[in-house]
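To start, the structure itself, in structure tokens.
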Amino acid sequence: MKPSLASAPTVITCHSNADWDALSSMIGMSMIYPDSIMIFPGSMEKPLNQFFNETAVFLYTFKNIKEIDHASVKRVVVVDTQIRSRVPQVQDLLDLPGVEVEVWDHHPTPYSGEKNKVINADVTHIGTTGSTCTLICQALQERGITPACQEATFLGLGIYGDTGAFTYTSTKPEDFLAGAWLRQHGMDLPFIADLVQTGMTSVHIKVLNELLDSATAHEIGPYSVVLAEATLDSFMGDFAYLAQKFMEMESCNVLFALANMEEKVQVVARSRVDAVDVGQICKALGGGGHRFAASASVKSIPIPELKDAIFQQLYMQVNPNKQARDLMSSPAVGIEDRQTIREAEQLMNRYGLKAAPVFRAGTRHCIGYMECQTASKAIAHELGDMPVSEYMQRTILTVPPDAPLQRLMKIIVGAHQRLVPVVEKNEVIGVVTRTDLINMFVEDPSGVPIPVNTSARERNLAKLLSTRLPQHMLHMLHRAGELGDRLQVSVYAVGGFVRDIMLSRPAVEFDDVDLVVEGDGIAFARALAQELGGRVREHRTFMTALIIYHDENGEEQRLDVATARLEYYKYPAALPTVELSSIKMDLFRRDFTINAMALRLNKGQFGCLVDFFGGQSDIQRKTIRIIHALSFVEDPTRIIRAVRFEQRYGFHISTQGEKLIKNALSLNLVEKLSGARILHELNLIFREDEPETCLRRLNELGVLAAIHPSLVLNADKNELLDSLREVIDWYRLLYFKETPELSTLYLMALCSAVPAIETADILHRLGLTPTMREEILSLRESVRMTLVELINWHRDTQKKGQAEQSVSRLCALLAPLPLESTLYLMARSDNEEISSSVSQYIYKWRQIKVDINGDDLHRLGLEPGPQFGSVMRMVLAAKLDGKAETREAQLKLAEELIRKGFPGNGTAGAAPKKPR
């Protein structure tokens, strides 16, 4: 039986993530509307939640929105906010016909661009006081309503909470008057002090110290803006309390405190000056508040990007009237899409440009942009005569002349676009570059910091490392960093290890760590190996070394150490040549942005993330993005690698990346790769959890056809690949020691139904030796013949009187085949009964052995020789067919076979030796 719904002529609610002012305002409004029911949306502040659950819920009428009869609602009162999106709990009620909507708020009315976000209210009470409770106190006095001690205390809680006990700059004389009035009516100050002045625990002290240590000051005009951050192991509901403590301890005008906790960042902002409106900044981040105190909870944005967003908003407040036309260079120097890359480089060098817009031929319509660095590399690869359109950046954002500075900042800083074309009537009239922005801030008398990323984006992952890594690995990383300090070199963990840490991959996968040293990597490897009690294999050509050592559990570990290096390629698809370089250039040589991140290991900066190319942003966006446009030209195997990462992580290759893959294929660059390099990448795909998805994507992009036309997938191959993966997954669950060679299995599947001569050609293209090619061809033929025999066996077992011999005959057919052939045969067969029988052979019958041995046969009078094997096979066949299941039965059968002279033993009719 459904519970009856509550009648609620008046519903009172506040914004989500309520604070003291919001909850207290609701209680105050219930005095004005005694017939009301309150809806509390919850809070992230622990003391407030505790107060609500232990006190307020028992003293006043609170309900869940689902418990209210919507038809009974005549009025909705919203307190402490005007923004519709902040009251999702009553969205439906706000739209009901005949319902009066009333709003009480002390926050400023949003700017004109946000008017559509404001609640469409019939009655509004908007003030400029420090607290909404102050407005309600004024209304109570006007109506002659006198609060009891309890209500006076609760309203006082709201005023004290939102004015910082009357210390915030936002505090108005009206707030003091309201406090005095409440005190006259019994406001309990000790009670309020106990709630709003939370005691400092050891966790609070630790986080506050982290905020103080990480704090950086930025001068904006005459004001000091401080950004501080901390990483928390778990959620902290009263983080705002620490922000207030920070403001009390440090002399700053504006504070942004950022806490990384539970996959989101909590931002608490405080301001003591009118010039910086932290409420507007937090609104842009998806939160809210007023000019002097605000907060936001941000998901899926790393702290470095969040800081950029905060600075963007700060710059907008400093330069609110700047537009694109004020900053652009005009007329814009551009390149037509049909011009060659060599012509583009000459033009950019002539004018000293780092990039230039690309126009459709004969027009000023922008279709992309070309970077000078990309053009220079393309010419080095003898691609200078290619049209610009082949290697330009095709994704480009443009703006109109009246675009505000905020829009330009978002594109240049946020989207990493080097230049922004200014477009009017579909034609480019000017260009704003990153340099233009820098010059604006350098020349600005306010001294605003330059909002561009001239250094790596950093985020500290030390705590994540301590929770994600095995202890032996964490210990090794610390030792490497400490050694770097002693040798005065910088040491980094790089590549896929960093990527998988950020993706929270299972700890068991962290079996491969690469270190990079800004210095002599080989000398560092020797010293580290000595500390770890290991040995070193040096590769001087590539300035790398492999350390092999045993951890504290006695297990062998391997560690690659490289000198920070820049690889360049003498021609497309060549192996790299290596030069000494810095960590930034070392990361620049890597394939994708998600693999071009590093973690500092030196003691003072242990765990700091180095991300020059936006890898963490691409992880958030689930994008596989190459670092520069010639990446696939320099190393076409990266195409296969891109597909592998895309399918493994559920990411997508960027639009620009797909275009450049097609371009590399049109230049026949895959054909120039050695078979061994292609096979190496394919073998990595075969070891993925779902190789078939990678192979289908390679097929879709045309990569399989580029490797060899006969590798193209069809419906039958696709079905076989699915079946093969199911069989392999099934076999893995048996946990047998013997593991199949996946390369053999998948190559057989890719070559299924391909004539033998073409299959041999495919295997030759992939660099297999003649012996390996012959082995796979032989296996394929044996599977084909065995499948024919199995069909005959299955037909015979259906006949009456033959079923009792089916198991031994099946085993005799399958026993000569290696594991790979048996699994492939199981996947290849389209007869479910045959596949089922083969599976039983693999997990059951293949493991069955006879219970007698050669000594038993010798005691029965049979001399050692080929006859031993023949008797054993016949005894095993009898056991498999259920005719000799016990040792006694098997001995009896063996004795009978020896006495009679078993068929095929070469001694039929001969008398065996007398048993001993």
Side-chain angles (χ1 to χ4, degrees), residues 300-302 305 368 371 374 377 390-396 414-417 457 494-505 509 512 514 567 573 586-598 609-666 669-670 673 677-678 680-704 706-707:
S300 303
I301 299 179
E305 288 198 14
E371 294 188 350
T374 300
K377 282 196 168 191
E390 291 298 327
Y391 289 99
M392 69 180 182
Q393 293 285 345
R394 307 184 78 83
T395 303
I396 186 167
H416 310 290
Q417 186 171 301
R457 299 169 174 269
V494 297
F497 167 78
V498 182
R499 173 201 68 221
D500 288 345
I501 283 285
M502 298 190 69
L503 283 167
S504 296
R505 303 289 287 180
E509 296 186 12
D512 183 25
D514 293 338
E567 292 178 354
D586 184 272
L587 295 174
F588 182 74
R589 73 183 175 82
R590 295 174 186 270
D591 45 19
F592 313 114
T593 57
I594 64 170
N595 294 336
M597 296 179 287
L609 176 70
V610 179
D611 179 16
F612 293 99
F613 309 108
Q616 56 185 330
S617 298
D618 286 332
I619 285 176
Q620 296 287 352
R621 300 184 183 105
K622 296 190 172 183
T623 301
I624 303 296
R625 182 167 61 87
I626 56 175
I627 296 176
H628 58 86
L630 294 172
S631 185
F632 294 136
V633 171
E634 292 181 343
D635 185 0
T637 63
R638 289 173 175 167
I639 298 172
I640 305 175
R641 220 172 303 150
V643 168
R644 177 159 56 90
F645 290 133
E646 178 191 55
Q647 298 304 308
R648 177 196 292 177
Y649 300 123
F651 284 19
H652 62 274
I653 297 172
S654 67
T655 304
Q656 173 82 349
E658 284 204 25
K659 170 68 175 62
L660 293 172
I661 286 174
K662 293 176 182 176
N663 179 268
L665 294 175
S666 70
L669 296 181
V670 172
L673 286 170
R677 294 185 69 193
I678 295 174
H680 173 73
E681 294 297 333
L682 289 178
N683 281 336
L684 292 175
I685 280 180
F686 298 154
R687 292 202 287 269
E688 290 290 310
D689 290 340
E690 297 180 1
E692 71 281 1
T693 62
C694 298
L695 294 171
R696 287 185 185 123
R697 183 74 163 119
L698 290 172
N699 188 67
E700 175 190 327
L701 292 170
V703 180
L704 291 184
I707 297 171

Restricting to non-hydrogen atoms, name the atom on Phe651 and the atom on Asp618 that form the minimum distance, rounded to 0.1 Å. CE2-O, 4.2 Å
Once you round to the nearest 0.5 Å, how far does CG of Leu660 lie from OG of Ser654? 7.5 Å
Gap between atom CD of Glu688 and atom CG of Leu695 - 0.5 Å precision: 10.5 Å
Between His652 and Lys622, is there a donor-acceptor pair closer than 3.5 Å when you use the side chain of the first and the backbone of the second? yes
Where is the tightest heavy-atom contact between Met597 and Ile594, given as atom of each residue plus distance? CE-O, 3.3 Å
Quick one: pull up CD1 in Ile640 and CG in Leu684 and give me the separation to the nearest 0.5 Å. 9.5 Å
Check for a donor-acceptor pair, side chain of Gln656 on one end and backbone N or O of Arg394 on the other, with a separation under 3.5 Å. yes
Using atom types as modelled and distance alone, determine if a side-chain donor or acceptor of Arg499 lies under 3.5 Å from a backbone N or O of Gln616. no
Say whether, by atom type as modelled, one donor and one acceptor occur between the side chain of Glu646 and the main chain of Ile653 under 3.5 angstrom. yes
Determine, stepwise, if the pair Val703 / Arg697 fulfils side-chain contact (heavy atoms from CB on, under 4.5 Å). CA-CA 9 Å; Val703 180; Arg697 183 74 163 119; over 6 Å; no
With sequence neighbours excluded, residues passing side-chain contact (heavy atoms from CB on, under 4.5 Å) with Asp591: Asn595, Arg638, Arg641, Phe645
Evaluate Phe632 against Leu669 for side-chain contact (heavy atoms from CB on, under 4.5 Å), listing each step before the verdict. CA-CA 9 Å; Phe632 294 136; Leu669 296 181; over 6 Å; no
Between Tyr391 and Thr374 the two heavy atoms that sit nearest each other are O-CG2, 4.1 Å
Rounded to the nearest 0.5 Å, the CG atom of Leu698 sits from the CG atom of Leu682 at a distance of 7.0 Å
Heavy-atom pair with the smallest gap, counting every atom of Val633 and Pro636: O-CD, 4.0 Å
When you look at Tyr649 and Asp500, which way does the side-chain contact (heavy atoms from CB on, under 4.5 Å) test go after all the steps? CA-CA 10 Å; Tyr649 300 123; Asp500 288 345; 2.7 Å; yes
Set of side-chain hydrogen bond (donor to acceptor under 3.5 Å, both in side chains) partners for Arg644, sequence neighbours left out: none
Determine, stepwise, if the pair Arg696 / Glu692 fulfils side-chain contact (heavy atoms from CB on, under 4.5 Å). CA-CA 6 Å; Arg696 287 185 185 123; Glu692 71 281 1; 3.5 Å; yes
Would you call Arg590-Asp586 a salt bridge at under 4.0 Å N-O? yes
Looking at every non-hydrogen atom in both residues, tell me the closest pair between Ala598 and Val494 and how far apart they are. CB-CG1, 3.7 Å
Would you call Ile707 and Val670 a side-chain contact if the rule is heavy atoms closer than 4.5 Å? yes
Looking only at non-hydrogen atoms, find the nearest pair between Glu390 and Lys659 and report the distance. OE1-NZ, 3.4 Å
Atom SG in Cys694, atom CZ in Phe686: separation rounded to 0.5 Å? 10.0 Å
Point-to-point distance, once rounded to the nearest 0.5 Å, from OG of Ser631 to CZ of Arg625: 11.5 Å
Between the main-chain N or O of Arg621 and the side-chain N or O of Thr623, is there a donor-acceptor pair closer than 3.5 Å? yes
